[in-house]
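The structure under discussion appears below in the form of structure tokens.
All values reported here derive from a predicted model rather than from experimental measurement. Here is how names work: the chains are called A, B, and so on, in the same order as the sequence lines, proteins then strands, and each is numbered from 1.
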Amino acid sequence: MNYWLMKSEPDVFSFDDLMRSPGRRTCWDGVRNYQARNLLRDAIQPGDGVLFYHSNANPSGVAGIARVVRGGYPDHTAFDPADPHYDPKSRPEAPTWYMVDIEAVEPLPRLLTLAEIKAAKGLEKMVLLTNSRLSVQPVTESEWRIVRRLAGLKP
DNA sequence: GCCAACGTTGGC
DNA sequence: GCCAACGTTGGC
């Protein structure tokens with residue numbers, strides 16, 4: 001069982017939007033970065049924990065907890081010319097891009113802001129801080145526990 | 001809206 | 001394979 005952080009702009013798709021989705025689930029589509037793709041395709045497994053992060057927000061921060069319910073499979077939005085994430089290089093016989101499905105578990109009692117994450121002992125090495133551009137990133141078990149505790153969740 | 005950091009593209 | 005130009009992300 002591993003832990004991940006996934007970013008979404010709340011103006012586009014927030015944790016509340018996930019809570020209101022059918023079955024509280026969604027497919028995590030539209031990732032067009034090779035490092036993130038490799039994680040989606042090869043590493044992220046059903047049952048893994050997800051920190052749902054609001055980027056480009058006021059303030060930005062971790063908004064909720066989700067879990068992976070389906071492992072990597074081809075991102076079909078890349079095949080659709082009408083989709084904003086269309087990529088002609090990706091074909092159904094040889095997909096370039098992958099996605100997973102996630103399910104909301106619970107919102108955090110309060111948003112854990114980026115400023116708090118930066119200030120927290122034990123979170124200095126979070127990929128969020130060291131490679132801020134990566135939209136799907138690994139989280140260590142220790143970081144996972146600290147984030148939950150700081151946000152007021154039981155371990 | 002600005003801008004720094006980073007990833008990707010393409011000329012050579 | 002190098003690197004400059006360009007595009008995107010995301011904090012502020």
Side-chain angles (χ1 to χ4, degrees), chain A residues 2-21 26-44 48-68 71-102 104-140 142-144 146-153:
Chain A
N2 291 299
Y3 302 99
W4 311 96
L5 179 146
M6 298 187 187
K7 292 182 193 172
S8 185
E9 300 191 20
D11 292 349
V12 179
F13 190 82
S14 69
F15 189 77
D16 280 345
D17 291 329
L18 179 61
M19 292 288 288
R20 286 192 292 264
S21 298
T26 191
C27 54
W28 205 255
D29 62 354
V31 174
R32 298 291 180 267
N33 166 284
Y34 286 100
Q35 212 180 332
R37 185 281 310 269
N38 292 346
L39 296 175
L40 292 168
R41 186 188 60 189
D42 305 330
I44 302 181
D48 286 355
V50 175
L51 300 176
F52 193 113
Y53 180 84
H54 284 173
S55 62
N56 255 318
N58 299 286
S60 295
V62 178
I65 302 290
R67 77 164 71 91
V68 177
Y73 63 107
D75 181 345
H76 54 75
T77 65
F79 308 143
D80 177 3
D83 193 282
H85 299 296
Y86 175 59
D87 181 357
K89 291 195 304 295
S90 185
R91 291 165 295 112
E93 327 74 91
T96 305
W97 305 114
Y98 283 73
M99 60 188 181
V100 301
D101 290 353
I102 67 168
V105 176
E106 56 186 336
L108 295 189
R110 62 186 194 85
L111 186 89
L112 186 69
T113 67
L114 178 61
E116 292 174 284
I117 291 170
K118 284 179 175 169
K121 195 146 190 159
L123 298 183
E124 301 86 355
K125 291 182 179 164
M126 275 191 88
V127 178
L128 185 68
L129 306 182
T130 61
N131 181 1
S132 63
R133 298 275 308 272
L134 193 60
S135 66
V136 175
Q137 48 183 257
V139 170
T140 68
S142 148
E143 290 161 353
W144 173 266
I146 293 170
V147 165
R148 290 183 61 99
R149 178 170 50 75
L150 292 175
L153 278 181

Regarding E106(A) and R67(A), does a basic nitrogen lie under 4.0 Å from an acidic carboxylate oxygen? no

Short side-chain donor-acceptor distance under 3.5 Å, D48(A) and W4(A): yes

Distance alone, cut at 3.5 Å: any donor-acceptor contact between the side chains of S14(A) and D17(A)? yes

How does protein contact run along nucleotides 3-10 of chain B, one letter per nucleotide 5' to 3', with B for base contact, S for sugar-phosphate only, - for none, heavy atoms under 4.0 Å? --BBSS--

Show the atom names and distances, to 0.1 Å, of all donor-acceptor pairs under 3.5 Å that link a side chain in residues 51-62 of chain A to residues at least two apart or in another chain.
from	atom 1	to	atom 2	distance (Å)
H54(A)	NE2	F15(A)	N	3.0
N56(A)	ND2	E9(A)	OE2	3.3
S60(A)	OG	N56(A)	N	3.4
S60(A)	OG	A57(A)	N	3.2
S60(A)	OG	A57(A)	O	3.4

Scan V68(A), N2(A), I102(A) and name whichever one has a side-chain contact (heavy atoms from CB on, under 4.5 Å) with I44(A). V68(A)

For a quick test of reading the model: is some side-chain N or O of K118(A) closer than 4.0 Å to OP1 or OP2 of dC12(C)? yes

